Q: 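Pasting a structure below so you can have a look.
Chain letters run A, B, ... following the sequence lines, proteins first, then strands; residues in each count from 1. Every value quoted in this text rests on a predicted model; they were computed, and no experiment measured them.
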Amino acid sequence: MQQQYPFKEIEQSAQTYWETNQNFGASEISDKPKYYCLSMFPYPSGRLHMGHVRNYTIGDVLSRFHKMKGFNVMQPMGWDAFGLPAENAAIKNNTAPAKWTYENIEHMKTQLKQLGLGVDWNREIATCKPEYYKWEQWLFTELFKKGLIYKKTSTVNWDPVDGTVLANEQVIDGRGWRSGALVEKRDIPQYFMKITAYAEELLSDLDKLDGWPEQVKTMQRNWIGKSFGCEVEFPIIGQDGNLKVYTTRPDTLMGATYVAVAAEHALAAQAAQNNPALADFIAKCKRGSVAEADVATAEKKGMATGLFVTHPLNGEQLPVWVANYVLASYGEGAVMAVPAHDERDFEFAIKYKLPIIPIFENTVWRTRELSRPRDDYEYYEFENKKWKNWYSEKNEVITINSGCYNDLFPEEAFDKIAADLEKKSLGKKRTQYRLRDWGVSRQRYWGCPIPIVHCEKCGEVPVPAEELPVVLPENVVMDGVGSPIKKDPRFYETTCPTCSGKATRETDTLDTFFESSWYFARYASFDSTTAMADERANYWLPVDQYVGGIEHAILHLLYARFFNKLMRDVGLIKNDEPFTNLLTQGMVLKDGTKMSKSKGNTVDPQELIDTYGADTARLFMMFAAPPEQSLEWADSGVEGANRFLRRLWKATYDHVELGQIAAYTTGDLSAEVKAIRLQLHSTIEKVTDDYGRRHSFNTAISSVMEMMNALAKLEGNDEITRSVRQEVLQNVALLLSPIVPHICQAIWAELCPQSHILEAGWPVADQSAMVQDSVEYVIQVNGKLRGSINVAKTETKDALEKLALQQPFVQKFIEENMSVRKVIVVPNKLINVVVG
RNA sequence: GCCCGGGUGGCGGAAUUGGUAGACGCACGGGACUCAAAAUCCCGCGCAGCAAUGCGUGCCGGUUCGAUUCCGGCCCCGGGCACCA
């Protein structure tokens, strides 16, 4: 055995060994329970970043741990290969997106292999390959035929100078990132998937996901946003027809003092026809980005349309305003405004001097301040221009200023008003989801072509299965102005599959979330040429453990859940949900912000691997923070991880230099050696729990470090001590091997040359080594730590109380005028003497 | 703005079900070894104090024998907001 820790040699030879012996090839033929461990596949940006190292190490630790526990493990890897950065890089470097992408894949694959992942590389997929995207084109046509995909117009960011659609990311402060031109909103026809048809199931099935973090489920619930409310119709004065709004608070209808519509609303356009100022205002609203965050944080602005509507209950005239805070895409694109009980309406009403009528009064407040005149408190609240939410779900408020609806609790008012509206045919109760259908059309090149042919005679015709895939040409020139396939007649000129007449292909491509919504199923059927997913998918699915960044908590995970249900409903797979257990990894931050290429604050993991080796990189990543927390990157600390591995190597070297010995099985031990065995087996128990249940890799590592620190202090080279040392080192190699597999394989080979670590299995704690007959009690006086005592485990509560009171460090704190009020004994832990 | 997280020594973090705050590691200081340096090993290390002891988990308040942990109200930081992936 070499005296120095030769990480390069060790890692190289371990990786070659795994590849030669195909140790991580996954097969469906096995007696063992299956364990499908999936890490979110990378976008091939060029080089591995720290987030990747963290993500794939976590996945690998869980995979290797379960393999050792006796599971039939599959851990695949692939490439989420379509996307915007490839186009940008292509323009910048004067190359084709495909070439750039494939080169990146090659490089990153080498890097991933250097990390020593137990991945089945035979199943590798890249989403930009026709044999992959063929199947999503097939699914698209099936869903199109089922009516789950439809076309409608929707709003995009339009750069008037470059003449191109921009992603939200490409809009900076309302301007195009390249041209600097003020971005406009433009409506264009696009394909949508009816995810709303699955809203209820996507919501209710969250309750089945016991293995998901509560946080993620809550975010998804709120995103789907099921609400119970009411449609309310306001007859438009001087016109036929009503203005329809949706509200979750019909109980506040008597407090409505105006109605507001989005700039995109039909009524706004109508009013603007002979009102140039309004037309100008609407045009201004249509500037800027379509991102909701931008809309919601913009200063509230509005303009009266000159139109009025009739309040459906009291018949009063309410003005119709156009307001930039009303979202066109939610509800009806119009709201009834109740300034007294909605913060945004309040702000708007103050700004434009619109009336504010409070229709709730806090019952608690009313009782307390009954003598105060009502006008006075209204003045008091509003003069300070502070909106105060008196409304509460707990029936602490009661209606006022509401005519025949006075003196009601909110729920009573809700029902009564809804009933009256229904009687007048001016409204009815309605369940509403915040979730919107998913627009999947992109006016970009580097994506999966939408398999639709446009025929003048036959309309939109899905490409028949036998003609799939519609192949995206890869050898293209990106000139920065629009998508190459939109300008290439060889791509778009075709014949209609139905009538054989002249027709054109759709030149939009699919949102790249499309590819990542079903790849988990493809890994199981990676080489099938006859189906998107075959019976092997039903063996491996659902994924037992999914690992990925918290930033995907909503969109990606929701779309993947949606696709799983779509694939189930076309008969491909049987499971309802794709991911049984989810681990959302925290972000790797630097200088307090997300480490990302666009922010230019990345640390290259390659340097780390070159200098210290993959094991050090993996150990440090797992040790620095628990996986779900964000990890603030600091260069120092890596050294400490490397130091530990060198110590582990040295300890093994010192031990094996004295000759081979079998691990301890039986025989009398000194107290000191017995304590080492106690610690070892407690550590096995703790580490097993940390990996399996808690996913707390940092504490697993620290308890192994403590074990090694204790072992270092153990002296003596007699046979029995050496046999215990052998036992400790063997178990440490096993316990750490999911995290640092290369060094553990190497030291195992030195400790036990006749066997291989991959055959050894996960260790089980020896309960007999953990038997203790005394226990340490911490003693507090009035909750403050004052000392501790070591007593026999069998001691009774009475005896413990007496013993505690006898201690001088307890007596010291009982002053003369004090008496012992009570003594609290927490078994095996603590005694608290309460005096006073 | 809305939804979801987080805040503990100089730093990363630990404390698993309300029961010893600061495990483990980094950095730092002191010492040993060395001609010297690196590496390694040993000791110290929340703050104040000579000490006894007191204070201390973002801030304010509450519940409890006991609160980093539970409750109410704030402040700050991070993630997501539907075309970054």
Q: Could you walk me through whether A/K351 and A/E299 satisfy the salt bridge (charged side-chain N to carboxylate O under 4.0 Å, His left out) test, starting with their C-alpha distance in whole Å, then the side-chain angles of each, then the deciding distance to 0.1 Å, before giving a yes or no?
A: CA-CA 11 Å; A/K351 181 165 179 179; A/E299 192 199 342; 2.7 Å; yes

Q: Taking Watson-Crick (N1-N3 plus N6-O4 or O6-N4) and G-U wobble (N1-O2, O6-N3), each under 3.5 Å, can you produce the dot-bracket string of RNA chain B? Use [ ] for crossing pairs and | for inter-strand ones.
A: (((((((..(((......[....))).(((((.......))))).(((....)))..(((((..]....))))))))))))....

Q: At under 4.0 Å between heavy atoms, which parts of nucleotides 6-24 of chain B does protein reach? Answer with one letter per nucleotide, 5' to 3': B base, S sugar-phosphate only, - none.
A: ------BSSSB--BBS-BB

Q: I want to verify a distance call: between B/G79, B/A52, B/A82, whose nearest atom is closest to the A/K812 side chain?
A: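 Looking only at side-chain atoms, A/K812 lies closest to B/A52.
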
Q: From the options B/U53, B/A85, B/G1, select the nucleotide whose nearest atom is closest to the side chain of A/L555.
A: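 So the side chain of A/L555 is nearest to B/A85.
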
Q: What orientation do A/W518 and A/Y132 show, parallel under 30°, tilted 30 to 60°, or perpendicular over 60°?
A: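 Judged by the thresholds at 30° and 60°, the geometry between A/W518 and A/Y132 is parallel.
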
Q: For residues A/I831 and A/V778, determine if any side-chain heavy atom of one lies less than 4.5 Å from a side-chain heavy atom of the other.
A: no

Q: Taking the same atom, C1', in B/G19 and in B/U68, what whole-Å distance lies between them?
A: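 That atom pair is separated by 13 Å.
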
Q: Listed by chain and number, what are the salt bridge (Lys or Arg N to Asp or Glu O under 4.0 Å) partners of A/K152, not counting sequence neighbours?
A: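 Applying salt bridge (Lys or Arg N to Asp or Glu O under 4.0 Å) to A/K152 gives none.
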
Q: Return the value, rounded to whole Å, for the distance between atom NZ of A/K301 and atom P of B/G1.
A: 17 Å

Q: Looking at A/K217 and A/E214, is there a salt bridge between them, counting it only when a charged N and a carboxylate O are closer than 4.0 Å?
A: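 Here A/E214 pairs with A/K217 in a salt bridge, since their nearest N and O are under 4.0 Å apart.
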
Q: Is the shortest side-chain N/O distance from A/N222 to OP1 or OP2 of B/C4 below 4.0 Å?
A: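 Affirmative; the distance criterion is met.
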
Q: Using atom names, set out every protein N or O paired with an N or O of nucleotides 37-42 of chain B below 3.5 Å, distance rounded to 0.1 Å.
A:
residue: B/A39; atom: O3'; partner: A/R646; partner atom: NH2; Å: 3.4
residue: B/U40; atom: OP1; partner: A/R646; partner atom: NH2; Å: 2.7

Q: With rounding to the closest Å, how many angstrom separate the C1' atoms on B/C33 and B/A52?
A: 40 Å

Q: Are the aromatic ring centres of A/F644 and A/F623 under 6.0 angstrom apart?
A: no

Q: What distance, rounded to whole Å, do you find between the two C1' atoms, one in B/U69 and one in B/U8?
A: 12 Å

Q: Could you tell me whether B/G9 is syn or anti, where syn means a glycosidic angle within 90 degrees of zero?
A: syn

Q: If you measure from the C1' atom in B/G12 to the same atom in B/G61, how many Å do you get, rounded?
A: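 32 Å, rounded to whole Å.
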
Q: Heavy atoms, side chains only, cut-off 4.5 Å: are A/M40 and A/H552 in contact?
A: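 Yes; the side chains approach each other to less than 4.5 Å.
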
Q: Across the strands shown, which category fits A/Q190 at heavy-atom distances under 4.0 angstrom: base, sugar-phosphate, nothing?
A: base

Q: Distance-only criterion, 3.5 Å: show the donor-acceptor pairs between side-chain atoms of residues 707-715 of chain A and protein atoms not counting sequence neighbours.
A:
none

Q: With A/T155, which residues qualify under side-chain hydrogen bond (donor to acceptor under 3.5 Å, both in side chains), at least two apart?
A: A/D187

Q: So, A/E87 side chain and A/Y445 main chain: donor-acceptor pair closer than 3.5 Å or not?
A: yes

Q: Name the closest nucleotide to the A/M219 side chain, picking from B/A85, B/G1, B/C4.
A: B/C4

Q: Kindly give the atom pairs (protein nitrogen or oxygen, nucleotide nitrogen or oxygen) under 3.5 Å for nucleotides 72-77 of chain B.
A:
none

Q: What residues form a ring pair (Phe, Tyr, Trp, His ring centres under 6.0 Å) with A/Y519, not counting sequence neighbours?
A: A/F41, A/Y523

Q: If we take the C1' atom in both B/A14 and B/G31, what is their distance in whole Å?
A: 29 Å

Q: Please identify each residue that fulfils ring pair (Phe, Tyr, Trp, His ring centres under 6.0 Å) with A/F513, with sequence neighbours left out.
A: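 For A/F513, the residues satisfying ring pair (Phe, Tyr, Trp, His ring centres under 6.0 Å) (neighbours in sequence not counted) are A/Y559.
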
Q: P atom, B/A21 versus B/C55: distance in rounded Å?
A: 12 Å

Q: Output all residues satisfying ring pair (Phe, Tyr, Trp, His ring centres under 6.0 Å) with A/H695, sequence neighbours left out; order by chain, then residue number.
A: none

Q: Run the ring pair (Phe, Tyr, Trp, His ring centres under 6.0 Å) test against A/Y43 and tell me which residues pass, sequence neighbours left out.
A: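 A/Y43 satisfies ring pair (Phe, Tyr, Trp, His ring centres under 6.0 Å) with no other residue.
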
Q: Are OP1 or OP2 of B/A27 and a side-chain N or O of A/S636 less than 4.0 angstrom apart?
A: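 Checking B/A27 against A/S636, no side-chain N or O comes under 4.0 Å of OP1 or OP2.
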
Q: Return each pair, listed once, that meets salt bridge (Lys or Arg N to Asp or Glu O under 4.0 Å) where at least one residue sits in residues 778-787 of chain A; pairs must be two or more places apart or across chains.
A: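 Output for this query is empty, none listed.
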
Q: How far, in whole Å, is B/C74 from B/C2 if one measures between their P atoms?
A: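 Between the two P atoms, the distance is 12 Å.
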
Q: For B/C77 and B/G62, measure between their C1' atoms and round to the nearest Å.
A: 26 Å

